[in-house]
Amino acid sequence: MMPAQVAAPDGVLLILALMLPSIGLLAIFVLGHSRPERIALPVLAANLAVALIVALQVGHSGQAATYRLGGWLPPLGITLRADGLSAALIAMAALILFVVAIYARGNFASKAGGSESRQPMVFWTLLLGLSTALNTVFLAQDLFSLFVALELLTFSAVPLVCLEGSRETLRAALRYLLFALAGSVLYLIGVALLYGAYGTLDIASLHQVTRADRATSIALGLMIAGLMAKAALFPLHLWLPPAHAGAPAPASAVLSALVVKAPFFLILRLWFDVAPQPQPVIAGTMLAALGAASILVCSVLALRQARLKLMVAYSTVAQVGYLFLVFPLVMGSEAAVPWASIGWTGGVLQLVSHAFAKASMFLAAGLIAEAMGHDRIDDLGGAAEAVPISIAAFALAGLSLMGLPPAGGFVAKVMLLTAAVVSANWWIAATILAGGLLAAGYVFRVIGRAFADPAGGAPPPKAVARSRELAVLSLAGVALLLGFLPLQPFAYLGIGQGGMP
Amino acid sequence: MSLLVDLVLVALILMAAVWTVLVRDRRDAVIAFIVLGLLLSLVWMRLYAVDVALTEAAVGGGATGLVLLRACARLLPVEAEGRLPGPGTQIAAGLLSAIAAAGLAAVVLSPPVPYPSLAALAAENIHQVGLGNPVTAVLLAYRSLDTLLEKVVLVLAVIGVWALTPDAFWGGAPGSLKSKHASGALDLLARVLPPFGIVVGIYLVWNGADHPGGTFQGGTVLAAMWLLMMMADLADPPEIRLKRLRRLVVFGPAVFIAAGFAGIFMSGWFLSYPPDYAKPIIVAVEAALALSIAVILGLLVAGPAAEPPKR
Amino acid sequence: MSAPTLYGLCAAALVGIGLFGLILHPTPLRKVISFNLVGCGAFLFFGIAARRGAGAGFAGDPIPQALVITGIVVAFAATALAVALILRMLEAGASTVDAKPLPPDDLSP
Amino acid sequence: MSVVLDAFTVITVTAGLVFFLAGTVGLLRFPDALTRLHALTKADNLGLGLIVLGLLPQCPDITSALKLIAIWVLVQFAGASASQLIAQFVRRNEPGP
C-alpha cells in the first residue's frame with residue numbers, strides 16, 4: 001500500500017483545527033507573556049473561522065471532508081474526518097469557546113507591564129488545550145487517537161477546576177481526575193481488545209468488520225462504561241457538581257457546555273458506527289434508563305441546592321441525561337438510517353442547544369455572583385435590577401432547559417418526545433415531561449428570587465462590564481435561535497454519516 | 001521449560017500486584033508497585049517488545065515509582081491511612097472486579113483465527129521512511145499524530161502541575177529534591193554517573209531509528225541524570241518562570257509541528273516526509289523531542305513551585 | 001498454553017486486582033497506584049495482541065507496541081498530576097482526603 | 001577452539017549463577033539488614049562479573065564485548081552506591097548494636 005501522495009489536499013483545514021490552538025498554547029507557555037489573552041483571543045478567533053469554513057465547505061459539497069495524516073491510509077495511518085455532525089460540533093465548540101474567551105477577559109486579563117501571573121497563564125493555555133482536545137475528539141477517526149484526545153481533555157479540564165486553589169476546589173479536581181482516569185483506562189482496555197479482535201482501530205474499517213461476539217461486546221461495554229464516567233451519567237455523576245461549581249465561571253461554562261459532551265459524542269460514534277448492527281435492545285434500554293435516572297434524580301437535587309452554581313451544575317447532569325434517551329428511540333424508529341430519525345436528530349439538537357444554554361447560564365451565574373458578592377439563591381433579591389441583562393440571559397437559557405418555545409431545547413425535547421410516543425416508550429415520554437417540569441421549578445425559583453426586593457442590610461451590588469453581559473446574552477440568543485429550526489431531521493447532520501469514508 | 005519461566009514470572013507479578021493492593025503501609029505498596037514494574041519489563045522482553053521493555057523500566061517503574069515515593073515521604077506526617085470500607089462493599093468490589101477479570105480472561109482464551117496484524121503493512125512501507133525499527137516508524141511516521149498530540153498532553157501536564165503553585169510562589173523554583181541527610185555515596189554517584197548517562201541517553205535516541213530505543217527511552221535516561229543531580233544537590237530545581245527552561249520544554253513539540261507543516265510543502269501531507277530525507281528528518285525530530293521529554297519528565301517529578309522567585 | 005495466552009490471563013488478573021484496589025481504597029494515593037495497576041493490565045493486552053500478531057519478519061506487531069509506549073508516558077503524566085494535586089490538597093489544609101461526596105453547602109462561590 | 005570457549009562460557013556462567021544463588025540465600029537467611037546487604041552485594045557483583053566474563057567469548061564483535069563490560073561496571077557502581085544508601089538509612093533508623 002503506497003501512501004496516496006496527492007498534492008494540496010483540501011482537508012488541510014482539519015489540520016489547522018488541531019494545530020492552531022496547540023501552537024497558541026505553546027506560544028503562551030514559551031513567551032511567559034504578561035498578557036496571555038492577547039495570544040489566546042486571536043487564536044480562538046482563527047479557530048472559529050477555520051471551524052466555520054469547514055462547516056460551510058461540508059454543507060456546500062455535501063460530502064465529508066477527510067485528511068490522511070502523513071498520507072498514510074488506514075488501517076496503518078490516522079484519518080481526520082468532518083462529516084455533517086462533526087462539522088456542526090466543531091463550529092459549536094469554537095463559537096462557545098470564543099464567546100467565553102471574550103467574557104473571560106473580565107476574569108483573567110492581566111495588568112499591562114506586570115510579570116506573568118498564575119491564573120491568567122493557566123486559564124488561557126488550558127482553554128486552548130480544550131480547543132485542541134475537542135477538535136480532535138470531533139474529528140479523529142482512530143480509536144487510539146481518540147484516547148489521546150480524551151487525555152488532552154482531562155489534562156486541560158482538571159486544573160481549570162482548582163484554578164482558585166481553595167481546599168474544596170482541589171478536592172473536587174482530584175475527584176474529577178480520578179473518575180476521568182478510571183474512565184480512560186477502561187476505554188483503553190476496550191481499544192486493546194478491539195485491536196486484538198480486528199487488527200484495526202480505524203472507525204470506518206471497524207464499521208465494516210465488527211461481529212456480534214463476546215470480545216466485541218466486552219470491549220464496547222468497557223469503553224462505554226468508561227465514557228459514562230466521563231460524561232457523568234447517573235450513578236457516576238458524583239464528581240461533576242462540585243467540580244463544575246467550583247471552577248471559575250468561564251471554566252464552568254466550557255466544562256458543562258462542551259467537555260461532558262465529548263464522551264457522549266464518542267458513545268454515539270461507538271454505538272452507531274462501531275457496534276455490530278443491530279445493537280442489543282437491552283443495552284440501549286439500560287443507557288436510557290440511566291439517562292432517565294439522571295434527569296429525575298439530579299433535577300430534584302438541583303431544586304434543593306442553596307447555591308446558584310451548584311444548582312446549574314446539577315442541571316447539567318440532568319440535561320446530559322436526555323442525550324442517553326436517544327438509543328432506544330432510534331432503535332424503535334422506522335427510519336432507514338439512524339440520522340434520518342427524529343430521535344437521533346432530537347438528541348443532537350439537545351446536545352447543541354444545551355451547550356449554548358448552559359454556557360450562557362454559567363456565565364450569567366458568574367456575573368450575578370460578581371455583582372451580588374455571593375451566589376446564595378435565597379438572597380438574590382435585587383439581582384434583576386443590578387444585572388438585568390444577565391438575569392434575562394439566564395431566563396432565556398432556562399427556556400431551553402425546560403423545553404419551552406421558542407427555545408432550541410423545545411424543538412429538541414419535542415422531537416425526543418414524539419419519538420418516544422411513536423415508538424411507544426411511554427416511560428421515556430413521561431420522564432421528558434417530568435424533567436421539563438422540574439427544570440421549570442429550579443429556573444423559576446432563581447428568576448423569582450432575582451425579582452424580589454433586596455434584603456435589608458445587603459451590600460449594594462457591584463457593576464459588571466456591559467460587554468460581558470452582552471456576551472452572555474448572545475449565547476442565550478443562539479440557544480433561542482435554534483428553536484426556529486423545523487421539526488424534522490436535517491439533511492446537514494446526515495452528511496457523510498454511516499462511518500463510510 | 002520456556003513456559004516455566006513465564007509461569008514463574010506471572011506468579012511473581014500476581015504476588016506483587018496483590019501485595020500492592022492489600023498491604024497496609026502506603027510505602028510498602030509503592031515499593032511493591034515498583035517491583036511489579038521491573039517484572040513487567042521482563043514480561044515485555046518475553047513478548048519480544050524490547051522498546052516497550054525499555055520504556056516500562058524507565059517510565060513505568062522508574063519515573064512513576066520516584067513520583068510515588070516522593071509523595072509517600074511528604075504525605076507521611078499529614079495523611080492518616082484511610083479506613084477501608086465495610087465487608088459489604090469489599091465483597092461487592094471483589095465480585096465486580098472478579099467479573100471484569102473473568103470476562104477479559106474469556107476474551108483472551110478465544111482469540112480470532114487467523115490473528116489480525118498490521119505487521120505486514122508496517123513492514124511493506126518501512127522503506128519509505130528509511131528506518132530499521134518498526135516501532136519508531138509507527139511512532140514517528142504512520143501514527144505520528146498520536147505522538148504529536150501526546151507531546152501536547154505532556155506540556156499540558158506541566159502546566160497542570162505548575163497550576164498547583166500557591167500564588168505567592170508563582171515563577172519560583174520547585175521544592176528541593178535533596179535528601180535531608182547528606183550522603184557521600186549519592187554525591188559520588190551523581191558526579192560520576194551523569195556523563196555515562198548522557199552518552200547512554202543520546203545513544204538510545206540515535207540507535208532508536210534502526211534498533212530498539214528511541215525518544216522516550218533516551219529522554220527518560222537524560223531526565224534521570226538531571227534528577228539524580230538535583231537529589232544530590234549538585235543542581236537546583238529551575239525557577240519555573242525561566243524563559244530558557246520554557247524554550248527547552250517547547251522545543252521538541254515545536255520542531256515536530258514545524259516538520260509536520262514542512263511535510264505539506266515537501267511531500268503533500270501534514271507529517272509526511274519526502275522519502276529521500278525521511279530518516280534525517282525523523283532523527284532530528286526525535287533528538288529535539290528527547291531533549292524536551294527529559295526536561296518535562298524532570299519537571300513533572302519536581303512538582304509545582306515551592307518558594308518565591310529570587311530577585 | 002502459549003506464552004501470550006498466559007500473559008493475557010495475567011493482564012486480566014491485573015485489571016481485576018487494580019479495579020478492586022480502585023474501589024476498595026479510600027485514600028487517593030492508593031487509588032492512583034491501583035489505577036496504574038489497571039493501566040499495566042491494559043498495556044499487557046496490547047502486548048499480547050502484538051505478540052500474537054507476529055509476522056512479516058517482526059517478532060511482534062509494531063503498532064500495538066507503539067501504542068503502549070504512548071500509553072505508558074500518558075499514564076506517567078497522569079500520575080504526576082494526581083500526586084501533585086494530592087500534595088497540594090494536603091498543604092491547603094484538608095485533614096482528610098476521603099472521597100465521600102461533599103455536603104451540598106460545602107462550596108464557596 | 002569453539003568447544004573450549006563454549007565450555008568456558010558454561011562453566012563461568014554456572015559459577016556466576018551459584019554466586020547469585022548464594023547471595024539470594026544470604027538475603028533470606030541472614031539476621032539483619034547490614035549482613036544481608038553484605039551477602040547480596042558481594043555475591044551478586046561476583047556473580048554478574050563471572051557471567052559477563054563467561055559471555056565475552058560469545059560476543060560477535062568488540063563493541064558488544066565493551067557493552068557487556070560497561071554493564072558490569074555500571075551495575076557494580078550503582079549496586080555499591082545503593083547499598084551504601086540503604087546502609088546509611090538503616091544506621092539512622094536503628095542505632096547500631
**Trace of the side chain to side chain contact (heavy atoms under 4.5 Å, CB included) decision for Lys31(C) with Phe35(C)** = CA-CA 6 Å; Lys31(C) 277 190 194 290; Phe35(C) 151 78; over 6 Å; no
**Message:** If you define the side chain from C-beta out and look only at heavy atoms, does anything of Arg175(A) sit under 4.5 Å from Pro242(A)?
**Reply:** yes
**Message:** Using heavy-atom distances under 4.5 Å, tell me whether Leu193(A) contacts chain C through its side chain, its backbone, both, or neither.
**Reply:** side chain
**Asked** Going by residue number, which parts of residues 66-76 of chain C are within reach of chain A, meaning a heavy-atom gap below 4.5 Å?
**Response** Leu67(C), Thr70(C), Gly71(C), Val74(C)
**Request:** Please state whether the side chain, the backbone, both or neither of Leu22(C) comes within less than 4.5 Å of a heavy atom of chain A.
**Result:** side chain
**Request:** Show your reasoning for whether side chain to side chain contact (heavy atoms under 4.5 Å, CB included) applies to Val32(C) and Ile86(C).
**Result:** CA-CA 10 Å; Val32(C) 171; Ile86(C) 293 170; 4.2 Å; yes
**Message:** Run Leu153(A) and Leu130(A) through side chain to side chain contact (heavy atoms under 4.5 Å, CB included) and show every step you take.
**Reply:** CA-CA 6 Å; Leu153(A) 207 58; Leu130(A) 282 178; 3.9 Å; yes
**Fill in**
Answer key: most heavy-atom pairs under 4.5 Å with chain A among Gly39(C), Ala77(C), Ala49(C), Gly53(C) is Ala77(C)
**Request:** Show your reasoning for whether side chain to side chain donor-acceptor pair (under 3.5 Å) applies to Tyr198(A) and Thr216(A).
**Result:** CA-CA 9 Å; Tyr198(A) 301 108; Thr216(A) 313; 2.5 Å; yes
**Item:** Heavy-atom contacts under 4.5 Å, residues 6-13 of chain C to chain A
**Value:** none
**Message:** Using the side chain to side chain contact (heavy atoms under 4.5 Å, CB included) definition, which of the options Leu194(A), Leu186(A), Ile189(A) pairs with Met223(A)?
**Reply:** Leu194(A)
**Message:** I'd like to know if the side chain of Thr27(C) and the backbone of Leu29(C) have a donor-acceptor N/O pair within less than 3.5 Å.
**Reply:** no
**Leu181(A) versus chain C, the contacting section by heavy-atom distance below 4.5 Å** = both
**Request:** Check the pair Phe46(C), Phe43(C) against ring-ring contact (aromatic ring centres under 6.0 Å, His included), reporting the backbone distance first and the verdict last.
**Result:** CA-CA 5 Å; Phe46(C) 282 107; Phe43(C) 299 146; 7.4 Å; no
**Whether Arg52(C) side chain and Gly196(A) backbone form a donor-acceptor pair below 3.5 Å** = no
**Request:** With a 4.5 angstrom heavy-atom cut-off, could you sort out which part of Val158(A) is near chain C: side chain, backbone, both or neither?
**Result:** side chain
**Request:** Measure Leu308(A) against the heavy atoms of chain C and call it side chain, backbone, both or neither at under 4.5 Å.
**Result:** neither
**Request:** If the plane angle is over 60° it's perpendicular, under 30° parallel, otherwise tilted; pick one for Phe234(A) and His237(A).
**Result:** parallel
**Item:** Ser252(A) side chain vs His244(A) backbone, donor-acceptor pair below 3.5 Å
**Value:** yes
**Item:** Side chain Asp202(A), main chain Pro74(A), donor-acceptor under 3.5 Å
**Value:** no
**Prompt:** Which of the residues Phe155(A), Tyr314(A), Trp239(A) is involved in the greatest number of heavy-atom pairs with chain C at under 4.5 angstrom?
**Reply:** Phe155(A)
**Thr154(A)/Leu81(C) under side chain to side chain contact (heavy atoms under 4.5 Å, CB included): CA gap, chis, key distance, verdict** = CA-CA 11 Å; Thr154(A) 304; Leu81(C) 181 61; over 6 Å; no
